[in-house]
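Hydrogens, waters and symmetry mates are skipped; everything else that's a heavy atom, side chains included, is used. For this chain, numbers begin at 1 and follow the sequence in order.
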Amino acid sequence: MTTDDRICHLCFIVIAGMAAFSRVGVFLFSASSGGLPSEEITFSKLLKQRGYATALIGKWHLGMNCESNNDFCHHPLSHGFDYFYGLTVTNLRDCKPGQGSVFLKGVQMYLVILIQILGVTAVSLAVVHYVSFFKVPFEALGFCLLITCISLAVLIFFFYHFRHLNCFLMRDHQIIQQPLSYENLTQRLTTEAVRFIERNHNAPFLLVLSYLHVHTALYASKMFRGKSRHGLYGDAVEEMDWSVGMLILGQILDVLENYNLSNRSLVYFSSDQGAHIEEISSSGEVHGGCNGIYKGGKSTNWEGGIRVPGLLRWPGVIHAGTYIDDPTSNMDIFPTIVKLAGAQLPYDRIIDGHDLMPLLQGKVIRSKHEFLFHYCNAYLNAVRWHPRNSESVWKVFFFTPNFTPEDSSGCYDSHVCFCYGGFITQHDPPLLFDLSRDPEEKVPLTPETENRFYEILSVIQLAVDNHTRSLQAVSDQLSWNNLVWKPWLQLCCSSFFQFCYCDYDSENSVPEVHSG
């Protein structure tokens, strides 16, 4: 079954404090103190209470520690998962030698400014002391020089060892490979998924499998390298296709069939965002994919950034070949899974998602989402309105990113589009599109081309007012204090003198690969 699964840039991330007001909207370091707050209720917590075995395999990227390097307050095992095998941060070019550095590109301007400030301060103090404008104690000059040298040393050390400090593989609370090895990584993740099902076939289980493909740094196992006509990106796609095929048509399906679980198992496959079109290698090879006719990409709320496919499989429950073209959201996964497990949704908070099963089973023909609110970090960026009595799907933008170059469909100069200040253009009145007629978002409507222009904007503004009144102030998990690297939170499987090196996963067997 295929559905156009339009992701709302989650209202959840705002109420959980996981949306940034600054330029950086994700965790870049394993030793940051921010993360998913303990008071948030995940579907894994609710299913675990119902007796489900729960596992997360792959990427987490929602924090790890709060105050010490072993409190694991944000770790998957603290949020309802019984088993974890994967990465606590994300996949970055910096994690794979020879793939460049997205991180360094993003912060080099700030590093240069910091070094310049320290340098100018030290030189200025030395000059005023030399010309006797006023006396500066040599201790002050020495202190400034010492601080400058220490800052430079820490920065050089950190960047040189970024891969070792931030790119590692964990099993539960233990690091088993530091730094991460990409060799057969996708196959290792798939093998872990198969083993988890085999261990828990006698009990209900929840498996969240979050592959690193096709996020950069791109990689492919030996059997897939050089096989695609589309370079390394194509190789990575083909390997993920093979892995997903194992899930839906191969090993995992065989496991489900062998234990008579197939008709009692819902498989859901989707993506968190559209292609990252600005991802181009130093050699000019496209590493970020393509969004077809849709405008924009990752980090934007143009359709190219939020319109992704959703595939669901449940023999005997969901009819094969069903196609749904109605706005849904990945937020809908939460209430859908909770209801299927017989658990109760929490009553002390607003749940933005809706149960998908009536729509999937054909009991209703329209999604319950009349409005979807699309955020760019912590800023309400766009709103989608699908009126109950209309085929039109209206979408307004309060601001849009400034593409660079201007005639492009992305922010190539900054690698991603940002959400504030000089990076955006505010619109008053908002830009208005009818996606049912203009899915490419080419021509904004005006009062001359749409006679209900101001009426539509008025209805959407009322919905926005109601929505914003429902939000409550929470702790900012992506504040600079929670984002920065904190040495006392750093995990190291050996010692700093051994460059935090270990490899306890090299003997992990992988399935035989047939790429033909």
Side-chain angles (χ1 to χ4, degrees), residues 27 29-32 35-36 38 42-45 47-48 52-66 68-92 95-96 163-203 205-213 215 217 219 221 239-240 243 246-247 251-252 255 489-496 498-511:
F27 298 113
F29 315 127
S30 63
S32 296
L36 185 63
S38 58
T42 61
F43 55 68
S44 51
K45 281 183 180 178
L47 267 63
K48 185 174 182 178
Y52 278 69
T54 57
L56 172 65
I57 296 172
K59 186 173 73 170
W60 171 243
H61 207 190
L62 289 173
M64 184 157 55
N65 293 309
C66 290
S68 68
N69 67 358
N70 61 358
D71 62 37
F72 299 110
C73 63
H74 302 308
H75 191 278
L77 268 59
S78 299
H79 285 285
F81 290 103
D82 298 317
Y83 180 71
F84 172 62
Y85 175 91
L87 288 72
T88 59
V89 193
T90 187
N91 181 27
L92 293 170
C95 293
K96 192 170 187 290
R163 176 170 168 254
H164 289 75
L165 296 176
N166 298 284
C167 312
F168 49 78
L169 187 68
M170 298 187 76
R171 176 175 282 113
D172 294 333
H173 290 141
Q174 180 185 5
I175 297 178
I176 58 175
Q177 192 174 67
Q178 190 174 13
L180 171 72
S181 169
Y182 285 86
E183 189 63 33
N184 294 326
L185 178 58
T186 299
Q187 299 166 48
R188 282 184 276 157
L189 296 174
T190 303
T191 300
E192 287 287 333
V194 171
R195 290 173 176 170
F196 171 77
I197 295 175
E198 290 175 337
R199 289 196 303 269
N200 296 283
H201 68 272
N202 285 322
F205 62 84
L206 167 72
L207 170 62
V208 178
L209 178 54
S210 178
Y211 284 114
L212 276 65
H213 282 320
H215 194 292
Y219 65 97
S221 301
E239 181 168 25
M240 185 175 66
S243 301
M246 289 184 65
L247 296 180
Q251 278 203 6
I252 288 189
V255 173
L489 299 182
Q490 183 64 54
L491 284 181
C492 185
C493 64
S494 54
S495 70
F496 285 103
Q498 295 173 297
F499 304 106
C500 293
Y501 175 82
C502 67
D503 187 0
Y504 306 120
D505 200 53
S506 59
E507 297 182 0
N508 191 358
S509 61
V510 297

Item to check | Short side-chain to backbone donor-acceptor contact, D82 and T54, under 3.5 Å | outcome: yes
Item to check | Full working for side chain to side chain contact (heavy atoms under 4.5 Å, CB included) between F168 and M170 | outcome: CA-CA 7 Å; F168 49 78; M170 298 187 76; 3.8 Å; yes
Item to check | Pairwise side-chain contact, L180 with L185, heavy-atom cut-off 4.5 Å (strictly under) | outcome: yes
Item to check | Non-hydrogen atoms of C66 and D71 that approach each other most closely | outcome: N-OD1, 2.9 Å
Item to check | Working for side-chain hydrogen bond (donor to acceptor under 3.5 Å, both in side chains), residues H213 and T186 | outcome: CA-CA 8 Å; H213 282 320; T186 299; 2.9 Å; yes
Checklist entry - So, R163 versus Q178: side-chain donor-acceptor pair below 3.5 Å or not? => result no
Checklist outcome for this item: dist L489:CG -> S68:OG (nearest 0.5 Å) comes out at 7.5 Å
Next on the checklist: Please evaluate residues H164 and Y501 with respect to the criterion ring pair (Phe, Tyr, Trp, His ring centres under 6.0 Å), reporting the C-alpha separation (whole Å), side-chain torsions for both, the decisive distance (0.1 Å), and the verdict.
Outcome noted: CA-CA 7 Å; H164 289 75; Y501 175 82; 7.4 Å; no
Next on the checklist: Apply side chain to side chain contact (heavy atoms under 4.5 Å, CB included) to residues I175 and L169 and explain how you reach the verdict.
Outcome noted: CA-CA 6 Å; I175 297 178; L169 187 68; over 6 Å; no
Checklist outcome for this item: One should read off an interatomic distance between S38 OG and H79 NE2, to the nearest 0.5 angstrom, of 7.0 Å
Checklist entry - Taking all non-hydrogen atoms of both residues, which atom of V89 and which atom of K59 are closest, and how far apart? => result O-CG, 3.4 Å
Item to check | Minimum heavy-atom distance between S30 and Q490, given as atom pair plus value | outcome: OG-NE2, 3.4 Å
Checklist entry - Is any side-chain heavy atom of I57 less than 4.5 Å from a side-chain heavy atom of V208? => result no
Checklist entry - Roughly how far apart are L491 CG and T88 OG1, rounded to 0.5 Å? => result 7.5 Å
Next on the checklist: Angle between ring planes, F84 versus H75, binned at 30° and 60°: parallel, tilted or perpendicular?
Outcome noted: perpendicular
Checklist entry - If you measure only the distance, is there a donor-acceptor pair under 3.5 Å linking the side chains of Y211 and N91? => result no
Checklist entry - Going by the angle between their ring planes, with limits at 30° and 60°, are H173 and F72 parallel, tilted or perpendicular? => result parallel
Checklist entry - If you measure only the distance, is there a donor-acceptor pair under 3.5 Å linking the side chains of D505 and Y85? => result yes
Checklist entry - When you check the side-chain N and O atoms of Y83 and E192, is any donor under 3.5 Å from an acceptor? => result yes
Next on the checklist: Checking E183 against S221: is there a side-chain donor and acceptor pair closer than 3.5 Å?
Outcome noted: no
Next on the checklist: To check you understand the geometry: which heavy-atom pair defines the closest contact between R188 and Y182, and what is its length?
Outcome noted: NH2-C, 4.2 Å
Item to check | Atom pair CD1/OH of I176 and Y504 - distance to nearest 0.5 Å | outcome: 10.5 Å
Checklist entry - Is a side-chain N or O of Q177 found less than 3.5 angstrom from the main chain of S181, in a donor-acceptor match? => result yes
Checklist entry - Which atom names give the shortest non-hydrogen contact between A193 and L207, and what distance separates them? => result CB-CD2, 3.8 Å
Checklist entry - Is the backbone of F27 close enough, under 3.5 Å, to the side chain of H61 for a donor and an acceptor to pair up by distance? => result yes
Next on the checklist: Using a strict SG to SG cutoff of under 2.5 Å, would you count C493 and C500 as disulfide-linked?
Outcome noted: no
Checklist entry - For the residue pair F196 and F205, does the interplanar ring angle fall in the parallel (under 30°), tilted (30 to 60°) or perpendicular (over 60°) class? => result perpendicular
Checklist entry - Given side chains that start at C-beta, do those of Y219 and L212 come closer than 4.5 Å, heavy atoms only? => result yes
Item to check | Test log, rule side chain to side chain contact (heavy atoms under 4.5 Å, CB included), inputs T42 and L36 | outcome: CA-CA 10 Å; T42 61; L36 185 63; 3.9 Å; yes
Item to check | Heavy-atom closest pair, residues H74 and N65 | outcome: CD2-O, 3.6 Å
Next on the checklist: As a quick check of understanding, evaluate side chain to side chain contact (heavy atoms under 4.5 Å, CB included) for S44 and L206, giving each step before the final call.
Outcome noted: CA-CA 7 Å; S44 51; L206 167 72; 4.1 Å; yes
